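The sequence lines fix the lettering, A, B, ..., with proteins before strands; numbering per chain opens at 1. All values reported here derive from a predicted model rather than from experimental measurement.
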There are 2 protein chains.
Amino acid sequence: MGITERKERERESRREAILDAAQKVFFEKGLSTATVDEIADLAELSKGTIYLYYRSKEDMYLAVILRGEAVMRNMFEKAISTGESTVKLILNIAEAYYAFFKEQRNYFRMFSFFETPQFHKQVSEEMLNQCVAADEKTWSIVVNLISQGVREGILHSHIDPKQFGIIVWATATGIYRQMDTNSEYWHKVMGINLEETLRLSYSLLLESMMTDTAKEEYKGLLRLQ
Amino acid sequence: MGITERKERERESRREAILDAAQKVFFEKGLSTATVDEIADLAELSKGTIYLYYRSKEDMYLAVILRGEAVMRNMFEKAISTGESTVKLILNIAEAYYAFFKEQRNYFRMFSFFETPQFHKQVSEEMLNQCVAADEKTWSIVVNLISQGVREGILHSHIDPKQFGIIVWATATGIYRQMDTNSEYWHKVMGINLEETLRLSYSLLLESMMTDTAKEEYKGLLRLQ
DNA sequence: CATATTTAATGACTAATGGTCATCAAATAA
DNA sequence: TTATTTGATGACCATTAGTCATTAAATATG
């Protein structure tokens, strides 16, 4: 009796089709100005049907965020799958996050939105947990890499990989956010090139994380000032 | 003919009274779930009147943000008005930003909201410019302080005060945001105390910014690891 | 003081929109 | 062939941002 299985597949693919439409609309309009009617139109379904597959507009938004997290994680996994040295992998993953920011701007923006207590209140716990789990997976990639660096003596052993991960992440994200929202302001009014700021912050962080022997060994790779 | 002046004053105080109500409602409910009707009720005015004073709900939200910026700036100005050494003033201002985060959480949350391109689109240019101007004032306090540190030989002369300002700001804000949204997660699941992370990031940044002589001189003040 | 004019405030109204539910149609089971 | 379950629909409801004709009060004018 493969009927239930077929139906389950059909249900899943419809869910995805709805999410395709939702993603397109959210990318164009953002959460508050996107309308469920427009999503339904684009998906060529009635509004009622949308609500058979998702509890609310906010839940759909989170489902799209979940996709973005998968995209980012794939980029990260690719970045560390090259079999290179740990220092190079750290640089790769930093580059991958920057590439994600540049190439997947829409997802990046949705992430910022997600990071507010207000939004958490408007969303089903179920979806929220899924997102947290996805976040955790990506996060563990970063922390494992730092831990590996510590084990190999490349990074100072007194550092806590998790704490350094948070700091690096917070710094990069904060600078990206400025790039996204106020790049023109920083450039035209303040004469600041934020890419330079980003490079500087990487230098500082690597400088404070890496052991002297590793710095010496990877000098060429790092081009530290 | 003091009538126009009196009327102007009355108009201004009504604007403030409306904003008092708006602030209360926004603090409680956030932008999307707050209603203009509720603001009007609380202000004991009709909804129509509200719209004689503010163009939109979003503009009111920005006006409250503007208040928050003033509060923060006052805290900063107080922090650097003690006539202490520049190193101490830098520590004071870092403390002031943390105090703002802890004591004025509602404003802090609104700030995050403000920092999205989506929101910028929904708001009058007039209000936006006011906010940018307010931001700039606060920003210049920080940058001036760093510049002063460079002039006095306390901070490395090769650093660009603006770029360092951005990095410090981005790091602190990113960590605060984690504290606000995911503190429990970091603590219970990851065993991370974000206050420690914050201290660590300050250490790193000061370590990389300060000259060796200054570090020696202000050892006691800094308690660098 | 009486009347005309300007200004401020109102709240009923509109349009938009998130979400629901009785109804229908198609697939599946009996 | 008929009964039952499942899936989809769109008219409908409630809420809410924003408008505007109307009213009331304040001010200016004669």
A.B. asks: Regarding Gln23(A) and Tyr107(A), is there a side-chain donor-to-acceptor distance under 3.5 Å anywhere?
C.D. replies: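 Distance-only check passes for Gln23(A) and Tyr107(A).
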A.B. asks: Would Arg109(B) pass as a cation-pi partner of Phe111(B), given that its NZ or CZ must be under 6.0 Å from the six-membered ring centre and within 45 degrees of the axis?
C.D. replies: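 No; the conditions do not both hold, so Arg109(B) does not lie above the ring face of Phe111(B).
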A.B. asks: Between dA17(D), dA9(C), dG18(C), spot the one nearest the side chain of Arg14(B), thanks.
C.D. replies: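 Output: dA9(C).
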A.B. asks: With sugar-phosphate meaning primed atoms plus P, OP1 and OP2, does Ala40(B) contact a base, only sugar-phosphate, or nothing at under 4.0 Å between heavy atoms?
C.D. replies: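 The residue Ala40(B) makes no contact with any strand.
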A.B. asks: Let's see if you can work this out: which of dT10(C), dG18(C), dG18(D) has an atom nearest to the side-chain heavy atoms of Leu52(B)?
C.D. replies: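 Closest of the options to the side chain of Leu52(B): dT10(C).
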A.B. asks: Within the 4.0 Å heavy-atom criterion, would you say Arg55(A) contacts the bases, only the backbone, or no part of the nucleic acid?
C.D. replies: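 Since no nucleic acid heavy atom lies under 4.0 Å of Arg55(A), the category is nothing.
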A.B. asks: Of the nucleotides dG18(C), dG18(D), dT10(C), which one has an atom closest to the side chain of Lys47(A)?
C.D. replies: dG18(C)
A.B. asks: Which label fits Tyr176(B) and Tyr98(B): parallel for a plane angle under 30°, tilted from 30 to 60°, or perpendicular past 60°?
C.D. replies: tilted
A.B. asks: Answer with base, sugar-phosphate or nothing: what part of the nucleic acid does Leu45(A) contact at a heavy-atom distance below 4.0 Å?
C.D. replies: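 Here Leu45(A) touches the backbone only, sparing every base.
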A.B. asks: Contact class for Tyr54(B) vs. all strands (heavy atom < 4.0 Å): base, sugar-phosphate, or nothing?
C.D. replies: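 No contact.
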A.B. asks: Does a side-chain N or O of Lys57(B) approach OP1 or OP2 of dA17(D) to a distance below 4.0 Å, or not?
C.D. replies: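 So the side chain of Lys57(B) is within the cut-off, an N or O lying under 4.0 Å from OP1 or OP2 of dA17(D).
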A.B. asks: Would you mind classifying the nucleic acid contact of Lys7(B) as base, sugar-phosphate or nothing, using non-hydrogen atoms under 4.0 angstrom?
C.D. replies: sugar-phosphate
A.B. asks: Please check the phosphate of dT10(C) (OP1 and OP2 only) for any side-chain N or O of Thr49(B) closer than 4.0 Å.
C.D. replies: yes
